[in-house]
Amino acid sequence: MPTVQIVLPGNAHSGERAVTTGTTAAELFDANRSVIAARVDGTLRDLAYELRDGDSVEPVTIDSADGLAIVRHSAAHVLAQAVQTLFPEAHLGIGPPITDGFYYDFGVDRPFTPEDLEALEKEMRRIIRDGQRFSRRVVTDDQARSELAHEPFKLELIGLKGAAGVDAETGVEVGAGELTIYDNLDAKSGETCWKDLCRGPHVPSTRHIPVFKLMRTAAAYWRGSEKNPQLQRVYGTAWDSKEALKNHLTMLAEAEKRDHRRLGVELDLFSIPEEIGSGLAVFHPRGGVVRKVLEDYSRRRHEEGGYSFVYTPHATKGQLFEISGHLDWYADAMYPPMELDEGQKYYLKPMNCPMHNLIYRARGRSYRELPLRLFEFGTVYRYEKSGVVHGLTRARGFTQDDAHIYCTLEQMPGELDSLLTFVLNLLRDYGLSDFYLELSTRDPQKSVGTDEEWAEATETLRQAASKQGLDLVLDPGGAAFYGPKISVQAKDAIGRTWQMSTIQVDFQLPQLFDLEYQAADGTRKRPVMIHRALFGSIERFFAVLLEHYAGAFPPWLAPVQVVGIPITDEHVPYLRDVAERLRARGVRVDVDASDDRMQKKIRTAQKQKVPFMLLAGDADATAGAVSFRYRNGEQRNGIPVTDAIDEIVTAIDNRIQV
RNA sequence: GCCGGCGUGGCGCAACUGGCAGCGCACUCGACUUGUAAUCGAGCGGUUAGGGGUUCGAAUCCCCUCGCCGGCUCCA
């Protein structure tokens with residue numbers, strides 16, 4: 001019997017092996033039911049793949065990242081089949097796997113309703129129970145066109161095959177090489193129940209989709225362009241086990257509980273009054289304290305870091321943003337101008353940098369002054385489109401902790417290096433610890449400057465980034481028009497990633513503003529400018545920390561750090577005295593002297609997520625002590641007041657979480 | 001900006017198929033004085049987002065505006 005040689009990498013059963021010609025990957029991994037696909041020479045394949053001489057074959061299990069993506073992709077197919085069963089007139093868009101799930105876009109006459117979703121889930125369960133086989137078939141372009149003649153979007157994709165600019169999601173459908181169609185075959189008769197143009201791979205049969213759930217519907221532009229028609233998108237999630245799905249849903253519920261918009265109301269931190277306008281927030285006293293502490297600490301660190309503090313106005317003549325180029329690039333996203341003084345146009349500022357440049361330019365500069373680091377909490381206004389405004393994270397007015405560093409070309413690498421370290425350490429002080437870096441590079445369509453300048457700036461940034469020993473991922477074409485950037489991405493307590501700080505190198509604005517300094521040799525030279533925001537937006541950073549801590553801020557940030565809870569009214573004066581001593585040490589403390597019962601006061605303080613509750617009754621008062629209750633329900637009784645104060649002050653000073 | 005959904009006291013919600021706008025929390029007042037997550041009672045509070053329309057009658061049906069939510073697009 002003819003055989004082929006294959007390689008099985010890995011430790012347990014590694015090594016070369018001869019198998020009969022015609023052996024499939026499925027037969028190879030027959031023993032392990034959790035294997036749903038194979039990786040052959042690095043490429044993911046269906047289990048039905050016939051092994052060829054020299055193939056290096058690895059199993060792909062259902063609980064691996066690749067395995068889950070395949071399950072989700074297959075679930076998207078089942079969804080599409082269900083849609084076309086219930087809505088035969090629906091046209092197919094694309095249906096890729098995404099983080100935690102999948103979606104599929106459809107061209108339909110009317111949007112899907114929640115009832116439709118239920119019916120679709122039911123139909124999907126039927127298809128999965130049927131155990132239809134996913135069967136791959138290579139087709140020519142002409143064959144595909146004739147089989148999919150009634151699918152206008154798919155025809156468009158066939159036309160795009162292999163063309164430049166096909167995005168990753170579209171690529172799921174057509175890939176780069178040969179075209180393939182996946183037939184869904186009835187388990188018994190082998191009849192084709194449904195088919196879709198798809199690169200695959202897929203699970204062997206619909207029964208290999210253990211658990212899924214349809215989540216929501218939404219409109220989405222065909223191929224991601226707002227010039228194109230909108231399709232109806234159905235989002236779903238799929239997992240390798242019921243438990244995994246349950247964990248996912250629990251995570252979503254947890255995220256909802258932490259939503260900063262919700263906590264902002266519950267904890268009385270901020271609001272976004274309709275009367276002021278969409279995306280324009282006010283901070284209430286409690287939120288104001290948190291914000292003030294955030295800012296004060298940042299100020300102190302910047303002072304220590306050699307920054308100079310500057311202040312600039314909120315409005316300016318349009319000329320400033322003509323010089324900077326912002327009006328060319330971002331006019332649509334700026335508040336429209338006000339006309340004053342006989343037609344003079346004034347804009348609310350969307351950026352601080354041009355104003356900082358004017359400070360630099362206010363007089364001649366010497367190389368001895370560089371690096372010059374200008375820092376400001378500068379409030380900017382951007383006219384965000386109505387559909388994107390979102391709580392504090394996407395607002396129309398927000399405050400950047402904005403710094404611009406002017407330095408010589410030679411100083412730039414060292415400056416970037418220390419800057420990144422400074423930024424990361426400061427973020428760590430606020431309680432974020434899990435980071436990776438992203439390097440955004442030039443988009444030739446949306447940028448100015450020479451190739452050499454961009455190459456140099458990008459390389460310098462890359463080197464500074466790699467020194468930090470963090471993961472560095474590329475974001476091709478993601479840079480702003482004037483220079484490449486590094487952004488710090490931070491993971492929060494429930495694993496979500498937020499873009500935090502950005503550091504951008506800029507050769508352009510110094511030119512546009514004709515910035516100069518006099519060098520040691522007496523010549524005039526152009527400084528390099530580094531843009532840097534640490535929080536990005538203070539409002540947004542506030543929201544991220546609020547969600548990260550689920551409202552339970554560490555004591556140094558908590559709006560109210562201590563609440564005194566008397567057992568009876570008689571103990572109020574005693575606690576007021578303790579509170580006075582705490583206040584003298586700078587602690588934010590309240591005594592709950594309301595006529596609620598003690599238990600109710602505990603509940604109130606607990607719901608407000610106050611880090612320390614200090615209780616006192618007769619026993620404590622006679623002993624000159626207090627009893628702690630912490631947010632986790634723990635208690636420590638009879639602590640001498642001096643010790644209690646020290647414990648609290650120490651926790652605050654060291655910025656530890658309790 | 002686009003698609004869909006939703007706007008009822010400060011907050012969370014109820015009110016059939018068009019028929020007296022109600023509940024809980026919060027708040028105010030009174031009583032109670034209690035050792036680790038809700039004491040009892042009374043009271044205040046709404047032109048049902050705003051405007052227009054249909055109807056004998058609109059929170060409810062229709063139209064417009066504003067706002068919010070989920071996505072898409074965008075994010076210097």
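Proteins get letters first, then strands, A, B, ... in listed order; numbering begins at 1 in each. Only a predicted model underlies this, so the values are computations on that prediction, with no experimental measurement involved.
- Distances were taken from every side-chain heavy atom of I567(A) (C-beta onward) to each of C74(B), U34(B), C2(B); the shortest belongs to U34(B).
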Distance-only check: which donor-acceptor pairs under 3.5 Å involve side-chain atoms of residues 482-490 of chain A, not counting sequence neighbours?
residue	atom	partner	partner atom	Å
Y482(A)	OH	Q504(A)	OE1	3.3
S487(A)	OG	Q489(A)	NE2	3.0

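- If you check every strand for non-hydrogen atoms under 4.0 Å, H531(A) touches nothing.
- Using C1' as the reference atom, C16(B) and C11(B) are 27 Å apart when rounded to the nearest Å.
- Residues G224(A) and R636(A) both approach RNA chain B. Their nearest nucleotides, taken by heavy-atom distance, put R636(A) toward the 5′ side.
- Set against G1(B), C74(B), G70(B), the side chain of A218(A) has G70(B) as its closest nucleotide.
- On the C1' atoms, C25(B) is 25 Å away from G67(B), given to the nearest whole Å.
- Among residues two or more places apart in sequence or in another chain, the side-chain hydrogen bond (donor to acceptor under 3.5 Å, both in side chains) test is passed with Q319(A) by none.
- Ring geometry for F283(A) against F270(A) counts as tilted: the plane angle lies between 30° and 60°, on a 0 to 90° scale.
- Less than 4.0 Å separates RNA chain B from at least one heavy atom of each of the following residues of residues 624-631 of chain A: S627(A), R629(A).
- Shown for residues 276-284 of chain A: residues whose heavy atoms fall under 4.0 angstrom of RNA chain B, namely S278(A).
- In this structure D259(A) satisfies the side-chain hydrogen bond (donor to acceptor under 3.5 Å, both in side chains) test together with R261(A), sequence neighbours excluded.
- Ring pair Y381(A)/Y347(A): centre-to-centre distance not below 6.0 Å.
- The side chain of P350(A) sits closest to A76(B) out of U73(B), U36(B), A76(B).
- Taking 4.0 angstrom as the limit, H390(A) places a side-chain polar atom (N or O) nearer than this to OP1 or OP2 of G70(B).
- Taking the C1' atom of each, G22(B) and G46(B) are spaced 11 Å apart, rounded to whole Å.
- Here, G24(B) and G9(B) have their C1' atoms 13 Å apart, quoted to the whole Å.
- A close approach under 4.0 Å does not occur between any side-chain nitrogen or oxygen of R597(A) and OP1 or OP2 of U34(B).
- Side-chain atoms of A220(A) lie closest to C72(B) of the nucleotides U73(B), A38(B), C72(B).
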Taking only N/O atoms, report every protein-nucleotides 4-8 of chain B pair under 3.5 Å with atom names and distance.
none

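- When only modelled atom types and interatomic distance are considered, Y235(A) and R233(A) share a side-chain donor-acceptor pair under 3.5 Å.
- Comparing G35(B), C3(B), G1(B) by their closest approach to the side chain of Y383(A) singles out G1(B).
- Looking at heavy-atom distances under 4.0 Å, Q606(A) makes contact with a base.
- Both tests hold for R396(A) against Y383(A): distance to the six-membered ring centre under 6.0 Å, angle to the ring axis within 45°.
- For T568(A), counting side-chain heavy atoms from C-beta on, the closest listed nucleotide (G1(B), U33(B), U36(B)) is U33(B).
- Counting non-hydrogen atoms under 4.0 angstrom, A333(A) reaches a base of the nucleic acid.
- Residue pairs meeting the salt bridge (charged side-chain N to carboxylate O under 4.0 Å, His left out) criterion with at least one member in residues 619-628 of chain A, sequence neighbours excluded, do not occur.
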* To do: Using Watson-Crick or G-U wobble pairs with both distances under 3.5 Å, give me RNA chain B in dot-bracket, 5' to 3', with [ ] for crossers and | for pairs to another strand.
  => (((((((..((((.....[..)))).(((((.......))))).....(((((..]....))))))))))))....
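- Spacing of C1' atoms, C2(B) relative to G45(B), comes out at 40 Å, to the nearest Å.
- Listed pair R216(A) / G71(B) meets the phosphate criterion, a side-chain N or O lying under 4.0 Å from OP1 or OP2.
- Listed candidates were A76(B), A37(B), G1(B). Nearest to the side chain of Q599(A) is A37(B).
- At a threshold of 4.0 angstrom between heavy atoms, the contacts of A619(A) include nucleobase atoms, whether or not backbone atoms are also involved.
- Annotation: proximity of residues 256-270 of chain A to RNA chain B (heavy atom, distance under 4.0 Å) is found for R261(A), V265(A), numbered in ascending order.
- Distance N632(A) CG to U36(B) P: 16 Å, rounded to the nearest Å.
- The nucleotide whose nearest atom lies closest to any side-chain atom of H326(A) is, among C2(B), U33(B), A76(B), A76(B).
- Within the nucleic acid shown, G633(A) has no heavy atom closer than 4.0 Å to any nucleic acid atom.
- Where E226(A) and Y381(A) each meet RNA chain B at their nearest nucleotide, the meeting point lying more 5' is that of E226(A).
- Taking atom C1' on both nucleotides, C62(B) is separated from C27(B) by 39 Å, rounded to a whole Å.
- Summarising the geometry, the separation between NZ on K601(A) and C1' on C32(B) is reported as 13 Å, rounded to the nearest angstrom.
- Distance noted for atom P between U48(B) and C75(B): 42 Å (whole Å).
- Regarding M334(A), its CE atom lies at a distance of 16 Å from the P atom of C75(B), rounded to whole Å.
- Among the atoms of the strands shown, none is found under 4.0 Å from any heavy atom of K349(A).
- Less than 6.0 angstrom separates the ring centroid of Y104(A) from the ring centroid of F106(A).
- The neighbour count for K491(A) NZ, taken as heavy atoms of other residues, nucleotides or ligands under 6.0 Å away, does not exceed 12.
- Nucleic acid contact class of D332(A) (heavy atoms, under 4.0 Å, all strands): none.
- Partners of E634(A) under the side chain to side chain contact (heavy atoms under 4.5 Å, CB included) rule, at least two apart in sequence or in another chain, are Y630(A), N632(A).
- At a cut-off of 3.5 angstrom, the base of C3(B) holds no donor-acceptor pair with the side chain of R110(A).
- When each of A76(B), C72(B), C74(B) is scored by its nearest atom to the side-chain atoms of A480(A), the top-ranked nucleotide is A76(B).
- For Y235(A), a side-chain nitrogen or oxygen approaches OP1 or OP2 of C72(B) to under 4.0 Å.
- Among the nucleotides C72(B), U36(B), C75(B), the one closest to any side-chain atom of Q230(A) is C72(B).
- The shortest non-hydrogen separation linking L327(A) to A331(A) is O-CB, 3.2 Å.
- Note on S386(A): a side-chain N or O is less than 4.0 Å away from OP1 or OP2 of G1(B).
- T399(A) meets the side chain to side chain contact (heavy atoms under 4.5 Å, CB included) test with R291(A), F377(A), T379(A), I538(A), E539(A); sequence neighbours excluded.
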Can you give me the N/O atom pairs linking the protein to nucleotides 23-30 of chain B at distances under 3.5 Å, or say none if there are none?
residue	atom	partner	partner atom	Å
A26(B)	OP1	K600(A)	NZ	2.6

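- Across the P atoms, G53(B) and C68(B) are found 28 Å apart, a figure rounded to whole Å.
- The neighbour count for E256(A) CD, taken as heavy atoms of other residues, nucleotides or ligands under 6.0 Å away, does not exceed 12.
- Aromatic ring centres of H326(A) and F481(A): separated by under 6.0 Å.
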